[in-house]
Amino acid sequence: MIEEIMKEAEEKIKRAKNLDELNHVRVEFLGKKGKISMLMKRIKEIPSEERRKYGKAVNELKNNVEDLIREKLETLKNLEKLRMYESMWVDVSLPGAKRKTGHEHPVMRIWREMEEIFVSMGYEVVEGPEIEDTWHNFDALNTPEWHPARDEHDSFYFSDTSLLRTHTSPVQIRIMLSRKPPIAIISPGKVYRRDYDATHLPVFHQLEGLYVDKRVTVGHLKFTLGEFARRMFGEGSRVRLRPSFFPFTEPSFEVDVYLKGYGWLEILGAGMVDPEVFKNVGYDPEEWTGFAFGMGVDRVAMLKYGITDIRELVKNDARFLSSY
Ligand code: DAH
């Protein structure tokens, strides 16, 4: 009887999978009405000569079962702890949940890339004011009073002589007035015109370039812009110069760049600095020569990223911007 109960208890303690189950086993054997407690109660019914032996055996049984339960309790508690630790476990080496970050606006990125290309060729980045006077914006650049570019329909005037600059070319004038050649500068920045449609914004960006030294030729100009095109649009890009007119250059050119899949695209204006401009800043046109160019930053960004409506650039639609 006692042996059987011991076996049964051993078996059930072994099988108990958690604290709850173990507690049931404990009650079944050691509880008030438990199997072992019942054996204890029967001690009175045992004939006195066997009582000692019986009592000893039941007591042993009780102690053994208690020991087993205590042991199992330890094991289960440890298991439970392990299980809890397991559920709390985090792999700190896993990559975190990424927060969406913004990035450079496509126009700013092209602006920066343009600067990097010209700076690597030895050009210095300079800035000029966005509020200009008509002398720097037009007169000094050999643009006469009657020229259509001066028309108030095209420009934002504050007064007869003060306006938002219509191009970055007046920075040429400011730099030449304040320095002696040789000069190699680029000047990126905002410019303003009274235009608004799919290809024009009232505020857009240009990058002006000016190189002044002795014996500068169209060859230098073409090489410089060709190098720029190759670095900006990739190996195999070429430039071609088409005769054109600007008041501040002579000869003047429209410059096209050859883009695979697109053909020739006009990206900038350029030319050899007009002797009249040199005279306006006090340079001797017999001594100094130079080339200048001006390109649209937004326009290059549109070409490079295949954007067809320039207004997309200023809508601040994160879905549009994040696709570049
Ligand atoms: N200023 C011209 C414009 O806004 C662009 C330009 C053309 C700049 C020829 C130059 C140049 O320096 O040589 O359309």
Worksheet item: Is there a donor in the side chain of D213 and an acceptor in the side chain of T289, or the other way round, less than 3.5 Å apart?
Response: no
Worksheet item: Run the salt bridge (Lys or Arg N to Asp or Glu O under 4.0 Å) check on R15 and E21 step by step: do they pass?
Response: CA-CA 9 Å; R15 279 210 305 261; E21 282 180 26; over 6 Å; no
Discussion item. Within the supplied structure, the quantity of interest is the number of heavy atoms (other residues, nucleotides, ligands) at a distance under 6.0 Å from M108 CE; does it exceed 12?
Written reply: yes
Worksheet item: Taking it one step at a time, do L201 and D195 satisfy side-chain contact (heavy atoms from CB on, under 4.5 Å)?
Response: CA-CA 6 Å; L201 290 173; D195 266 331; over 6 Å; no
Worksheet item: Within a strict 4.5 Å, meaning less than it, do heavy atoms of the Y283 and I183 side chains meet?
Response: yes
Discussion item. Using the ring centroid of each side chain, check whether Y123 and F228 are separated by less than 6.0 Å.
Written reply: no
Worksheet entry | Common cluster, V27/M6, ILVMFWY with side-chain heavy-atom separation under 4.5 Å | no
Item to complete: Evaluate the side-chain proximity of M302 to E312: yes if any heavy-atom separation is below 4.5 Å, no if none is.
Response: no
Worksheet, complete the sentence: All heavy atoms of S155 vs all of A149, minimum pair found to be OG-O, 3.4 Å
Discussion item. With heavy-atom distances below 4.5 Å as the criterion, would you say the side chains of N64 and E10 are in contact?
Written reply: no
Worksheet item: Rounded to the nearest 0.5 Å, how far apart are CD of E227 and NZ of K222?
Response: 13.5 Å
Worksheet item: Less than 4.5 Å apart, any side-chain heavy atom of L210 and any of M176?
Response: yes
Practice prompt. Check for a donor-acceptor pair, side chain of T249 on one end and backbone N or O of S252 on the other, with a separation under 3.5 Å.
Written response: no
Discussion item. Going by side-chain contact (heavy atoms from CB on, under 4.5 Å), V171 matches just one of P129, P188, S187. Which one?
Written reply: S187
Discussion item. Could you measure the distance from the CG atom of N142 to the CD atom of E276? Nearest 0.5 Å is fine.
Written reply: 5.5 Å
Discussion item. Could you walk me through whether R42 and E45 satisfy the side-chain contact (heavy atoms from CB on, under 4.5 Å) test, starting with their C-alpha distance in whole Å, then the side-chain angles of each, then the deciding distance to 0.1 Å, before giving a yes or no?
Written reply: CA-CA 5 Å; R42 270 170 49 194; E45 299 157 24; 3.4 Å; yes
Worksheet item: Ignoring hydrogens and geometry, is there a side-chain-to-backbone donor-acceptor pair from T224 to H220 under 3.5 Å?
Response: yes
Worksheet item: Is L207 reachable from Y211 through a run of hydrophobic residues whose side-chain heavy atoms are each under 4.5 Å from the next?
Response: yes
Worksheet item: Has the side chain of N23 got a donor or acceptor atom that lies under 3.5 Å from a matching backbone atom of L19?
Response: no
Worksheet entry | N/O donor-acceptor pair under 3.5 Å between H105 side chain and L313 backbone | yes
Discussion item. For a 4.5 angstrom cut-off between non-hydrogen side-chain atoms, does F29 reach S37?
Written reply: no
Worksheet item: Where is the tightest heavy-atom contact between H147 and P247, given as atom of each residue plus distance?
Response: NE2-CG, 3.8 Å
Discussion item. Within the supplied structure, the quantity of interest is the number of heavy atoms (other residues, nucleotides, ligands) at a distance under 6.0 Å from E287 CD; does it exceed 12?
Written reply: yes
Worksheet item: Distance-only, no hydrogens or angles: does the N280 side chain make a donor-acceptor pair with backbone N or O of A140 under 3.5 Å?
Response: yes
Discussion item. Between E74 and R70, is the salt bridge (Lys or Arg N to Asp or Glu O under 4.0 Å) condition met? List the steps.
Written reply: CA-CA 6 Å; E74 271 310 297; R70 208 175 299 122; over 6 Å; no
Worksheet item: Would the number of heavy atoms belonging to other residues, nucleotides or ligands and lying under 6.0 Å from NE2 of H24 be above 12?
Response: no
Practice prompt. Flag the pair W288 / F278 as yes when their ring centroid distance falls below 6.0 Å, and as no otherwise.
Written response: no
Item to complete: Can you see which heavy atom on F253 is nearest to which on S244, and at what distance?
Response: C-CB, 3.8 Å
Worksheet item: Between the side chain of K35 and the main-chain N/O of L30, is any donor-acceptor distance below 3.5 Å?
Response: no
Practice prompt. Might you confirm whether atom OH of Y262 has over 12 heavy atoms from other residues, nucleotides or ligands at distances under 6.0 Å?
Written response: no
Worksheet item: Do R174 and E132 have side-chain heavy atoms sitting under 4.5 Å apart?
Response: yes
Worksheet entry | Atom NZ of K62: over 12 foreign heavy atoms under 6.0 Å | no
Discussion item. Taking the side chain as everything from C-beta on, heavy atoms only, tell me whether H167 gets closer than 4.5 Å to R193.
Written reply: yes
Fill in: Distance, nearest 0.5 Å, that separates NZ of K260 from CD of E235
9.0 Å
Response to the item:
Paired with D298, the side-chain hydrogen bond (donor to acceptor under 3.5 Å, both in side chains) test is passed by just one of Q206, H200, H205, namely H205
Worksheet item: What closest approach, in Å, do V58 and I2 show between heavy atoms, and which atom pair accounts for it?
Response: CG2-CD1, 3.8 Å
Worksheet entry | Distance, nearest 0.5 Å, that separates NZ of K53 from CD1 of I46 | 11.0 Å
Fill in: Any donor-acceptor N/O pair, T217 side chain to G219 backbone, under 3.5 Å
yes
Worksheet item: Going through the checks in order, is the salt bridge (Lys or Arg N to Asp or Glu O under 4.0 Å) test met by K190 and E127?
Response: CA-CA 10 Å; K190 288 193 176 74; E127 283 182 26; over 6 Å; no
Discussion item. For T166 and R150, which I'm curious about, is there any donor-acceptor pair between the side chains at under 3.5 Å?
Written reply: no
Discussion item. Has Y54 got a side-chain atom pairing as donor or acceptor with L39's backbone, closer than 3.5 angstrom?
Written reply: yes
Item to complete: To the nearest 0.5 Å, tell me how far L61 CG sits from E4 CD.
Response: 12.0 Å
Worksheet item: Quick one: CD1 on I267 to CE on M295, what's the gap to the nearest 0.5 Å?
Response: 5.5 Å
Discussion item. Between K7 and E3, does any side-chain N to carboxylate O distance fall below 4.0 Å?
Written reply: no
Worksheet item: If you take all heavy atoms of A301 and I307, which pair is closest and at what distance?
Response: O-CD1, 4.4 Å
Worksheet item: Can M232 be reached from F204 by stepping across I, L, V, M, F, W or Y side chains whose heavy atoms are under 4.5 Å apart?
Response: no
Worksheet, complete the sentence: Shortest non-hydrogen pair, L76 vs A16, comes out as CD2-O, 4.2 Å
Worksheet item: Salt bridge between D309 and R311, side-chain N to carboxylate O under 4.0 Å?
Response: yes
Worksheet item: So, D133 side chain and S162 main chain: donor-acceptor pair closer than 3.5 Å or not?
Response: no
Item to complete: Would you sort out whether N59 and M40 count as a side-chain contact (heavy atoms from CB on, under 4.5 Å), showing the intermediate values?
Response: CA-CA 8 Å; N59 244 331; M40 303 278 252; 4.2 Å; yes
Worksheet item: Counting only heavy atoms not in E49, do more than 12 fall under 6.0 Å of its CD?
Response: yes
Worksheet entry | Audit row: K77, E80, salt bridge (Lys or Arg N to Asp or Glu O under 4.0 Å) steps and yes/no | CA-CA 5 Å; K77 272 187 181 164; E80 208 116 302; over 6 Å; no
Practice prompt. Might you confirm whether atom CG of D160 has over 12 heavy atoms from other residues, nucleotides or ligands at distances under 6.0 Å?
Written response: no
Item to complete: Walk me through it: do E208 and I186 pass the test side-chain contact (heavy atoms from CB on, under 4.5 Å)?
Response: CA-CA 5 Å; E208 187 79 13; I186 54 166; over 6 Å; no
Worksheet item: Quick one: are M272 and V218 in side-chain contact, heavy atoms under 4.5 Å?
Response: yes
Practice prompt. Could you tell me whether a side-chain N or O of R299 sits under 3.5 Å from a main-chain N or O of E266, the two making a donor and an acceptor?
Written response: yes
